[in-house]
Amino acid sequence: MSSAVQGAPSRWESQRSFDELGRPLRDITFCVVDLETTGGSAQGGSMITEIGAVKVRGGEVLAEFQTLVNPHTEIPAFIAVLTGISNTMVSDAPSIESALPAFLEFAAGTVLVAHNAPFDVGFLKHFAEQQGRPWPRFEVLDTAKLARRVITRDDAPNCKLSSLARVFGSTTTPNHRALSDARATVDVLHGLMERLGGLGVHTLEELQTFSSRVTTAQRKKRHLAEALPHSPGVYLFRDDRSRVLYVGTSRDLRTRVRSYFTASETRSRMGEMVGLASTVDGIECATALEAEVRELRLIAEHKPRYNRRSRFPEKVHFVKLTREPWPRLSLVRRVLDDEADYLGPFASKKSAEKCLSALHDTFPVRQCSDRLSREPSRAACVLAEMGRCLSPCDGSVDATTYAAVVRQLRDSLLRRPDEVVEAINARMAALAADERFEEAGIHRDRLAAFVRAAARTQRLSALTRCPEVVAARREDDGRWAVHVVRFGRLAAAGTIPAGADAHQFVAELRACAETVAAAPGPVPAATAEETEKVLRWLESPGIRLVEVDGEWTCPIAGATRHLAIHDAVNQSRLSLVPFDDRRGLAPVHQPAR
């Protein structure tokens, strides 16, 4: 009879450790947490106003935690409308210096769970660091991220917490209050775990790493990437009839395309696409920006069925301020060379209508669509009787007074949106004071649509007015990337070779650049998405302007300065609704059996 070597585990201990590599979900204590805040960025000064948490294990609720938090700052009206938490409610609440230690004690030893976890956990970690408290090494599970891998379009139109709560029959309706949203997230977590249990997911490790399985057929197509170079560019998957299935871009074409045939590709919809693909074409590009722009143009040209975004850039709307004796606002699909003023483009008619409503709420210009003579003689409409229209049709206003209102409207569109912002903020504050939060929310959304559209139009117009902008930036590999932009459209791209004369290279690049004609409107020579990508590059650190033909300027008092509060509100809403766009939803691909 031999004895075991001292210090070495027995065979039984080795077997047990092998079997127990995964921790069964039924034995894990989860702490599902949700926060309400004054905005979307803790680093930007936003504060926590409420913490709600539910501790569960094995499907059983063990305890709950809830506290309002005094942010020691005014809660913006936007946030108060969204959450229903007012300054009065938090005036006697504990500060974050007291609330955070209490929560950390409650959550000790658990796995943290949140819907859009980077938001909630980011806030908690920020204030822990601010207070000099060591952050516990929590494992974190994001139900939003997990839902994207599990939920199909047949299940829900999107991955909002409210949508998922309906899918899984939650007993609590999310309402932007921390404890209610945490309770709803518990039901979503249990629903996701139950669904994945049928797919063999029974441990925390399996839950954290779950993704669509890569089929043998997918792996066999790895050879399609072999002819592609290790360089930036665009790739096109094609089927056996050469139809484009999908267009993508990468800094390394070969490495990126190979990932579609391995476990690193987690988007289940791509499994279906790869199954149909017969060839992959690669287009090398001089710079990463050129690749991004080519991708947009190819998607718009081919409209591949597996690309969700950018397929229909022509489906946009504009708000137009007409040029006629009695100007009015209208929604249009195209920008004409008619000296009118345009705001946009809007990706959806709904957003354009919200913006239009914000402007009509502020400026009582006529809303009828008929053409009026300089001296009209008609009966007043209902809007005139309600005081929402100056009523030029029945002579209630003279041309000079009406023109003054139109000038204010035009100034709000193009230069200074303060009049719209102040008018709607005042109306929203009055409605919130009367606890008419739903109506206030409607005006909040209208104002946000206007501010974003005005800021976007001003930024785009600033660049598209310039006949040419030439800029350069030193890239990570030490070489200089150069781009020629004409009327907002990328006309040429290149990278200066080592040892080459930079001035001569730029001169030759400009000489062979695409000829771009000027046209009316904020994005005449390219799609808004292309011009925005160009703008992001031009505004990135390290940019050097080589040549600017024209004036590239934005109004100092423009709409961009109002974006921060609306972005904060939107981020706060995304903490509950992280995937508002249904196109971001990835259905689960089930291989044929």
_Quick check for you: to the nearest 0.5 Å, what is the distance between R294 atom CZ and E530 atom CD?_
11.0 Å

*Does a side-chain heavy-atom distance below 4.5 Å link R510 with E468?*
yes

*Would you say the side chain of I48 lies within less than 4.5 Å of the side chain of P71, judging by non-hydrogen atoms?*
no

_Less than 6.0 angstrom separating the ring centers of F237 and Y260, yes or no?_
yes

*Exceeds 12 heavy-atom contacts within 6.0 angstrom, atom CZ of R334*: no

*Short question: side chain of R238, backbone of T279 - any donor-acceptor pair under 3.5 Å?*
no

*Go through the steps for D239 and R241 under the test salt bridge (charged side-chain N to carboxylate O under 4.0 Å, His left out), then give the verdict.*
CA-CA 5 Å; D239 64 13; R241 296 170 59 184; 6.0 Å; no

*asked:* Working note: F450 + T362, criterion side-chain contact (heavy atoms from CB on, under 4.5 Å); need CA distance, chi angles, decisive distance, verdict.
replied: CA-CA 12 Å; F450 165 71; T362 309; over 6 Å; no

*Non-hydrogen side-chain atoms of C355 and L343 separated by less than 4.5 Å*: yes

*Kindly give the heavy-atom pair with the smallest separation between R323 and D338, and that separation in Å.*
CG-O, 4.2 Å

*Within a strict 4.5 Å, meaning less than it, do heavy atoms of the E139 and L112 side chains meet?*
no

_Sidechain-backbone polar pair: R456 side chain, P345 backbone, donor-acceptor under 3.5 Å_ = yes

*Check step by step if side-chain contact (heavy atoms from CB on, under 4.5 Å) holds for R305 and E272.*
CA-CA 11 Å; R305 59 186 289 196; E272 181 180 326; 4.1 Å; yes

*Salt-bridge present (E353, R446; N to O < 4.0 Å)*: no

*Flag if over 12 foreign heavy atoms under 6.0 Å of CD, E551*: no

*Which pair of non-hydrogen atoms, one from A449 and one from F346, has the smallest distance, and what is that distance?*
O-CE2, 4.2 Å

*Does K320 make a cation-pi contact with F318 (under 6.0 Å, within 45 degrees of the axis)?*
no

*Please work out which of the three classes, parallel, tilted or perpendicular, describes the rings of F119 and F123, given edges at 30° and 60°.*
tilted

*Between the side chains of E292 and T249, does any donor sit under 3.5 Å from an acceptor?*
no

_Point-to-point distance, once rounded to the nearest 0.5 Å, from CZ of R328 to CG of L409_ = 13.0 Å

*Look at the side chain of K303 and the backbone N and O of F312, then say whether any donor-acceptor pair between them is shorter than 3.5 Å.*
no

*asked:* Which heavy atom of V247 sits nearest to which heavy atom of V244, and what is that distance?
replied: CG2-CG1, 3.6 Å

*For H230, does the NE2 atom sit with more than 12 other heavy atoms under 6.0 Å from it, leaving out its own atoms?*
yes

*Do the side chain of T49 and the main chain of E36 share a donor and acceptor less than 3.5 angstrom apart?*
yes

*Yes or no on side-chain contact (heavy atoms from CB on, under 4.5 Å) for T37 and I79, after CA distance, side-chain angles and deciding distance?*
CA-CA 8 Å; T37 67; I79 301 298; over 6 Å; no

*Just wondering, are more than 12 heavy atoms of other shown residues or ligands nearer than 6.0 Å to NZ in K125?*
no

_Between CZ on residue R243 and OG on residue S278, distance to nearest 0.5 Å_ = 10.0 Å

_Test item: D120 side-chain N/O and D34 main-chain N/O as donor-acceptor pair under 3.5 Å_ = no

*asked:* Is the shortest side-chain heavy-atom distance between T531 and L490 below 4.5 Å?
replied: no

_Under a plain distance cut-off of 3.5 Å, with no hydrogens placed, do E529 and T527 share a side-chain donor-acceptor pair?_
no

_Salt bridge present between E295 and K533 (N-O < 4.0 angstrom)_ = no

*Between CD1 of I96 and NE2 of H126, what distance do you get to the nearest 0.5 Å?*
10.0 Å

*Has the side chain of R333 got a donor or acceptor atom that lies under 3.5 Å from a matching backbone atom of V316?*
yes

*Classify the angle between the aromatic ring planes of Y235 and Y246 as parallel (below 30°), tilted (30 to 60°) or perpendicular (above 60°).*
tilted

*What's the verdict on side-chain contact (heavy atoms from CB on, under 4.5 Å) for E475 and T495, showing C-alpha distance, side-chain angles and the deciding distance?*
CA-CA 9 Å; E475 300 301 295; T495 302; over 6 Å; no

*Nearest heavy-atom neighbours spanning S310 and L296*: OG-CD2, 3.4 Å

*Checking S412 side chain against P417 main chain: does a donor-acceptor pair fall under 3.5 Å?*
no

*Any donor-acceptor pair under 3.5 Å linking the side chain of Y342 with the backbone of L336?*
yes

_V121 side chain near F138 side chain, heavy-atom distance below 4.5 Å_ = no

*Out of curiosity, I424 CD1 to E419 CD, how far, rounded to the nearest 0.5 Å?*
11.0 Å

*More than 12 non-hydrogen atoms from neighbouring residues, nucleotides or ligands closer than 6.0 Å to CD on E226, yes or no?*
yes

_CG on D418 to CD on Q408, rounded to 0.5 Å_ = 12.5 Å

_Closer than 3.5 angstrom, by distance alone: can the side chain of D142 be matched with the main-chain N or O of N116 as a donor-acceptor pair?_
yes

*Is there a side-chain contact between R416 and V421 (heavy atoms, below 4.5 Å)?*
no

*Between N158 and S163, do the side chains contain an N or O donor and an N or O acceptor separated by less than 3.5 Å?*
yes

_Going by the rule side-chain contact (heavy atoms from CB on, under 4.5 Å), which residues pair with A513 if we only count those two or more places apart in sequence or in a different chain?_
V484, R486, A491, A492

*Please report the shortest heavy-atom distance between L509 and G494, naming the atom on each side.*
CD2-N, 4.0 Å

*asked:* Could you report the tightest heavy-atom contact between L141 and A117, atom names first, then the distance?
replied: O-CB, 4.2 Å

_Quick one, T38 and P76 - any side-chain contact, counting heavy atoms below 4.5 Å?_
yes

*Got a donor-acceptor contact below 3.5 angstrom from the D341 side chain to the L321 backbone?*
no

*State whether a side-chain donor-acceptor pair under 3.5 Å links S351 with S348.*
yes

*Are side-chain N/O atoms of R473 and S540 paired as donor and acceptor at under 3.5 Å?*
yes

